[in-house]
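For the numbers below, each heavy atom of this structure counts, side chains included, while hydrogens, waters and symmetry mates do not. Start at 1 and go down the list; that is how both ligands and their atoms are numbered.
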Amino acid sequence: MVLTHFIGGRPVAAGPGFPVHDPVTGLVVRHVHEADPEVADRAVRAAREAARDWAAMPVGERAGWMRRLAEGIEERFDDLVAAEIADTGNPLDQTRTLDVPRGIANFRAFAEMAAQRPEEAFHLSGTLSYTVRRPLGVVAVIVPWNLPFLLMTWKLAPALVCGNTVVVKPSEHTPGSAAVFAEICAGAGLPPGVVNIVFGHGSAGQLLVEHPDVDAVTFTGSTRTAAAIMRTAAQRVKPISFELGGKNAGLVFEDCDLDRAVEGTVRSAFTNGGQVCLCTERMYVQRPIFEEFCARLAARAQEVEPQPMISAAHRDKVLSYYALARSEGAKVLAGGGVPVFGDHRDGGYYVEPTVVAGLSEWSRFNREEIFGPVCHVAPFDSEAEALDLANSSEYGLAATVWTTSLDRAHRVAQRLEAGQVWVNTWDVRDLRAPFGGVKLSGIGREGGTRSLDFYSEPTTITIKL
Ligand SMILES: NC(=O)c1ccc[n+]([C@@H]2O[C@H](COP(=O)([O-])OP(=O)(O)OC[C@H]3O[C@@H](n4cnc5c(N)ncnc54)[C@H](O)[C@@H]3O)[C@@H](O)[C@H]2O)c1
Ligand SMILES: N/C(=C\C=C\C=O)C(=O)O
């Protein structure tokens, strides 16, 4: 069975098929149709045809549709979990407690935020100005493979509730949960054409970005791809929202709760095999506790259950950084290679959770996003030095600070060049808060009213009273 596109509320089997591999075993888990220009155009046309009626629907009614989609996700929970695991090899626990539940949370959160959002009004010299908001129109939603369902629904919920229709292009590595979601949309009776899903590689995404009838692009993925999308979108000055790569820093001060700092770093460095844009790849530890922190993190890294990389190519990329570290004289405190299981997983794309030290700040290892279960640990002496080290990156997505000093927590967090700073915790997400990165980590913010601002355009109407 080849996964079909979902256009105008119906399955569409068109375009050549391509294989998707199970990262756990390396075996082919499914085949998917690749969208060609005709398929992409058909999907955009279906979205356009549905756009007027969907935009005209009162926001309260659209919020009701978001709640129905959340119910549909709940009803198909196990199918979504199975599809996500088949494509990503993610652990069952993570998929059941994070990946799929966040899909439900995304739809419910944006249903409430949109339905309750006030409009603005201003009195001035005998006039009243008020705002109304209109959707952008047809939005291309292009998403990556690392948290496929979470990230797709993070974009879909606000885009839809604001009255846009969408054409989604999931990653070529992880089509399964999007295909189940298509069935959920059809099962809920969502008006045909409101959600369209086309599969394929980057070229399929490019077809959407360049399509003249796509009004805006929302993208989560690598900074490199974003640059290509930006060049294409620039031809028609399309609004873009970018959630991109990171090279996130963690600052561990000597006054921290060391148990919490070590456990928090185990999570922030190794969750999802380090394949989360928010993961920490650069750790800076105040010198008095540097040796103890390294020893404890290295010991814990050896207890972490290895998780597969999404593909053989990505596994090889991560291993190339392990080799680079060794070639540059790094001290490998834990991991650094490929785990041997002696079972079916030996055909998969696994790497060892790894901790290294002793590399220059300017090593490629410490400058480039690796996107694997690995971090480098370096000492620092002063707070100012720690901030300079953390802020030296071209990226600025997230950071963590470990300290028991309230003054230091606020002072340091406010000086970090990042879109999100966690203090004594990691990856706690309030969906109402702005989310996104600075520098090479993104353009714009999503989350809360920021998402509603991106997915709709205000008109100011001024009336003589
Ligand atoms: N900031 C965030 O919230 C966030 C979240 C998850 C992942 N990421 C980043 O995503 C990257 C990993 O994901 P990835 O490897 O799938 O990224 P990627 O950029 O290779 O691909 C992302 C998506 O874009 C599509 N694509 C590729 N080339 C395209 C083009 N020229 N035009 C249109 N679409 C194109 C891909 O098919 C895929 O669907 C990492 O850099 C990670 O940091 C960021
Ligand atoms: N966008 C979000 C997470 C991004 C994860 C990056 O891999 C989210 O939690 O809403």
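Every residue was checked against the side-chain contact (heavy atoms from CB on, under 4.5 Å) condition with D388, not counting sequence neighbours, and none meets it. Partners of F242 according to the ring-ring contact (aromatic ring centres under 6.0 Å, His included) rule, which considers only residues two or more places apart in sequence or in another chain, are F219.
Salt-bridge formation is detected for the pair D215/R48: a Lys NZ or Arg NE/NH1/NH2 atom is positioned less than 4.0 Å from an Asp or Glu carboxylate oxygen. E71 and R68 are not joined by a salt bridge, as no carboxylate oxygen comes within less than 4.0 angstrom of a charged side-chain nitrogen.
Aromatic pair F181/F107: centroids less than 6.0 angstrom apart.
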*Can D78 and R96 be said to form a side-chain contact (heavy atoms from CB on, under 4.5 Å), step by step?*
CA-CA 8 Å; D78 291 343; R96 293 193 67 87; 3.0 Å; yes
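A heavy-atom cutoff of 4.0 Å around ligand 1 is satisfied by the protein residues I142, V143, P144, W145, N146, L151, K169, P170, S171, E172, H201, G202, G205, Q206, F219, T220, G221, S222, T225, I229, E243, L244, G245, C277, E369, F371, L397, F435. Contact shell of ligand 2 (protein heavy atoms, cutoff 4.0 Å): R102, N146, L147, L150, L151, W154, E243, V276, C277, R429, F435.
In summary, the side chains of S392 and R367 do present a donor paired with an acceptor at a separation below 3.5 Å, with no hydrogens or angles considered.
The environment of R67 atom CZ is dense: over 12 non-hydrogen atoms of other residues, nucleotides or ligands sit within 6.0 angstrom. Within a 6.0 Å radius of CD in E394, other residues, nucleotides and ligands contribute 12 heavy atoms or fewer.
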